[in-house]
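Below is one structure, written out as structure tokens; the observations come after it.
Side chains included, hydrogens not; waters and symmetry mates left out as well; all remaining heavy atoms used.
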Amino acid sequence: MKLSELLKNIKPTAIVGDSEREVTGIEIDSRKVAAGGLFVAMKGTQVDGHRFIEKAVEQGAVAVLCEDLPEKMPSDVTFVQVESTEEAVGPVATVFFGEPSLRLKLVGVTGTNGKTTIATLLYNMFRQFGHKCGLLSTVCNYIEDEAIPASHTTPDAIELNRLLAKMVESGCEYAFMECSSHAIAQQRIGGLQFAGGLFTNLTRDHLDYHKTFENYRDAKKKFFDDLPKSAFAITNADDKNGTFMVQNTRAQVKTYSTRSMADFRARLLECHFEGMYLEIDGREVGVQFIGKFNVSNLLAVYGAAVMLGKQPEEILVAMSTLKSVNGRLEPVHSPDGFTAIVDYAHTPDALENVLNAIHEVLDGKGKVITVCGAGGNRDKGKRPLMAQEAVRQSDRVIITSDNPRFEEPQAIIDDMLAGLDAKQMKKVLSIVDRREAIRTACMMAEKGDVVLIAGKGHEDYQEIQGVKHHFDDKEVVREMFKG
């Protein structure tokens, strides 16, 4: 493809060299650049890609997209200067890969909690309907049955377009993706055409990156601001930020609620550990999920399916067969008669939702023992809030290590414990070793109790000092039950 064609959707401030030369690849990692490639020099949060322009040229780059022109500019390389490579890379990448988002129906899900569940359930539901689908999520990316491991909630713009192009090539009609606040703020979804977007909820998260709650909120809102007039925007009317998210969107706005008037409404009729009975838009349906927050998630799925042209009856039939997403409120039953539940909850709000769901089923007939921690090198402000929420809704709490990353596990635990008073501390143990913490919780449990193991969910590793060690909460629990 000619470089001039690649640049058609951006406005360079300068072009030095031949803009009609052929480009055969596009990369933001200089190590991956091959002969004939375009190298995009990104000013990342960790490393400035401008430092690697020379290396990319040595690797065979014939063009460079950059913010600052280098001192050395070989005559056989074209340099394209833009105000922001972060902003330009998406529109350039989507042209290079044949504008894949125009060739399928792309639906994005954003919010603090529920993104993975909603995107995955839509993917599973539309495959049940007989459509070929793709999924881009925290847990794993899928092109039909082909699993592609996910390193970020939303990949970088080049990888994202590469994956969408593969979906188109495989005949996919729909793609469902999580849109993280980082991805929106860093323009990773720039240049994509969405058929629809969903907002789940907004609570404190990722303030280590966004610095303020307002910045975090505004990043989510930008996703809806950028939706085209042809798209739909479905927002949670039960969240105080639901209306704010869509106040400037050009898309067709629809609302969903479990508490008030809305375009899509649901009501919880019965709840057990095996599932719930719901009323959705006047029709009853049994589902294999628990928790009021999952009523909201399923309602968002229902609304999206309606907006994508499916009939309410066929949606509810499909919904009744759907199963919980890996590591989300996933029960493991003990031979001793108690239940362990593994969940990804890693924010105060998510922890509150999961504990509420457990209490809805227990109805005061058993104890709740919670094992939780907090991730290292992330928002420290939520650590005491996590501990407070765990103590408020649990009979016993064991604070332990999550993914400490480059922090000391005990220091993270101390940050969590700092949020508790002397009376609350009487409920709490702290055990740094996560395996030992889970074992201790299971030893405390009696018939009819629930042990909640929160924070890691689907993850099968523990990250310590930059190294990922195999660790799967579900595996650990099952080993203990066998033992």
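For the pair D472/V476, no side-chain contact is recorded, criterion being any heavy-atom separation below 4.5 Å from C-beta on. Contact of the T347 side chain with the D379 side chain is not registered, since no non-hydrogen atoms from C-beta on lie closer than 4.5 Å. Between M177 and I189 the shortest side-chain heavy-atom distance falls below 4.5 Å. Side-chain contact between L268 and L278 is present, with heavy atoms from C-beta onward closer than 4.5 Å. Contact annotation: the side chain of K456 never approaches that of Y344 to less than 4.5 Å [non-hydrogen atoms, C-beta and beyond]. Considering only heavy atoms from C-beta on, L104 comes within 4.5 Å of M167 through its side chain. In this structure, the side chains of L420 and K427 stay at 4.5 Å or more apart for every pair of heavy atoms. Counting heavy atoms from C-beta outward, V306 and F264 have side chains that approach closer than 4.5 Å.
Sorted by first and then second residue, the salt bridge (charged side-chain N to carboxylate O under 4.0 Å, His left out) pairs with a member in residues 383-394 read E352-R392, R383-E407, R383-D415, E389-R392; sequence neighbours excluded. Within the structure, every pair that satisfies the salt bridge (charged side-chain N to carboxylate O under 4.0 Å, His left out) test and touches residues 138-148, not counting sequence neighbours, is listed here: R127-E144, R127-D145. Under the ring-ring contact (aromatic ring centres under 6.0 Å, His included) criterion, the residue pairs touching residues 461-483 are F338-F481, with sequence neighbours excluded. The ring-ring contact (aromatic ring centres under 6.0 Å, His included) contacts involving residues 265-286 comprise nothing, where partners must be two or more places apart or lie in separate chains. Counting only residues at least two apart or on different chains, the salt bridge (charged side-chain N to carboxylate O under 4.0 Å, His left out) pairs with a member in residues 158-175 are E27-R162, E159-R162.
Residues forming a ring pair (Phe, Tyr, Trp, His ring centres under 6.0 Å) with F176 (at least two apart in sequence, or on another chain): F126. In this structure, the ring pair (Phe, Tyr, Trp, His ring centres under 6.0 Å) partners of Y142, at least two apart in sequence or on a different chain, are Y123. The side chain to side chain donor-acceptor pair (under 3.5 Å) check on Y302 picks up D281, with sequence neighbours excluded. For the side chain to side chain donor-acceptor pair (under 3.5 Å) test, no residue two or more places apart in sequence or in another chain qualifies with H359. Applying the side-chain contact (heavy atoms from CB on, under 4.5 Å) rule to T110 yields the partners C179, I184, K220, F223, F224; only residues at least two apart in sequence or on another chain are considered. The side chain to side chain donor-acceptor pair (under 3.5 Å) test applied to D433 returns no partner, not counting sequence neighbours. For N356, the side chain to side chain donor-acceptor pair (under 3.5 Å) partners at least two apart in sequence or on another chain are Q393.
Between K474 and D460 no salt bridge is recorded (no basic side-chain N to carboxylate O distance below 4.0 Å). Taking the charged nitrogens against the carboxylate oxygens, R265 and E279 have no contact shorter than 4.0 Å, which rules out a salt bridge. With respect to the salt-bridge test (charged N to carboxylate O, under 4.0 angstrom), the residues D421 and K423 do not qualify. One finds no salt bridge joining K222 and D218 here, because no Lys/Arg side-chain nitrogen approaches an Asp/Glu carboxylate oxygen to under 4.0 Å.
For the residue pair Q288 / S324, no side-chain donor-acceptor distance below 3.5 Å is found, with atom types taken as modelled. Of the N and O atoms on the side chains of H182 and R188, not one donor lies less than 3.5 Å from an acceptor on the other residue. No hydrogens or angles considered: a donor-acceptor pair under 3.5 Å links the side chains of T112 and Y216.
The 12-atom threshold is exceeded at NZ of K221, counting heavy atoms of other residues, nucleotides or ligands nearer than 6.0 Å. Around atom CD of E436, more than 12 heavy atoms belonging to other residues, nucleotides or ligands sit under 6.0 Å away.
With rounding to the nearest 0.5 angstrom, the CG atom of N113 is 8.5 Å from the CG atom of N297. Going from atom CD1 of I453 over to atom CD1 of I438 covers 4.5 Å, rounded to the nearest 0.5 Å. Rounding to the nearest 0.5 Å gives a distance of 8.0 Å between NZ of K115 and CG of N201. Rounded to the nearest 0.5 angstrom, L122 CG and T117 OG1 are separated by 11.0 Å. Here CZ of R434 is found 6.5 Å from CD of Q462. Values are rounded to the nearest 0.5 Å. In this structure, CG in L355 is found 11.0 Å from CD in E360, a value given to the nearest 0.5 Å.
In terms of modelled atom types and a separation under 3.5 Å, the side chain of S101 and the main chain of Q193 share a donor-acceptor contact. Proximity of a side-chain donor or acceptor of T400 to a complementary backbone N or O of I431 within less than 3.5 Å is detected. Counting only distance, with no hydrogens or angles, the side chain of S170 and the backbone of C172 share no donor-acceptor pair below 3.5 Å. Judged by distance alone, with hydrogens and angles left aside, the side-chain atoms of E178 form a donor-acceptor pair with the main-chain N or O of T138 at under 3.5 Å. For the pair N236 (side chain) and T200 (backbone), a donor-acceptor distance under 3.5 Å is present. Under the 3.5 Å distance criterion, the side-chain polar atoms of N161 are left unmatched by any main-chain donor or acceptor of P100. Using a distance-only test at 3.5 Å, with no hydrogens or angles considered, a donor-acceptor pair links the side chain of R259 to the main chain of D238.
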- Apply side-chain contact (heavy atoms from CB on, under 4.5 Å) to the pair M319 and V287, showing each step before the final yes or no. CA-CA 7 Å; M319 191 178 283; V287 296; 4.0 Å; yes
- Output, in order, the C-alpha distance, side-chain angles, deciding distance and verdict of side-chain contact (heavy atoms from CB on, under 4.5 Å) for I234 and T255. CA-CA 5 Å; I234 302 178; T255 57; over 6 Å; no
- Task: Check step by step if side-chain contact (heavy atoms from CB on, under 4.5 Å) holds for E313 and R283.
- Result: CA-CA 9 Å; E313 291 78 9; R283 300 172 177 88; 3.2 Å; yes
- Message: Is there a side-chain contact (heavy atoms from CB on, under 4.5 Å) between L164 and L192? Walk through the geometry before answering.
- Response: CA-CA 10 Å; L164 289 170; L192 297 182; 3.8 Å; yes
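Shown are R328, M276, E274, K323; of these, the side-chain contact (heavy atoms from CB on, under 4.5 Å) with F289 is made only by M276. Between L452 and the options L351, I369, L329, V371, a side-chain contact (heavy atoms from CB on, under 4.5 Å) holds for only L351.
Between Y174 and H131, the angle of the ring planes goes over 60°, which puts this pair in the perpendicular group of the 30/60° scheme.
Within the cation-pi definition used here (under 6.0 Å to the ring centroid, within 45° of the axis), R217 qualifies as a partner of F244.
When all heavy atoms of A266 and V295 are compared, the pair lying nearest together is CB-CG1, 3.8 Å.
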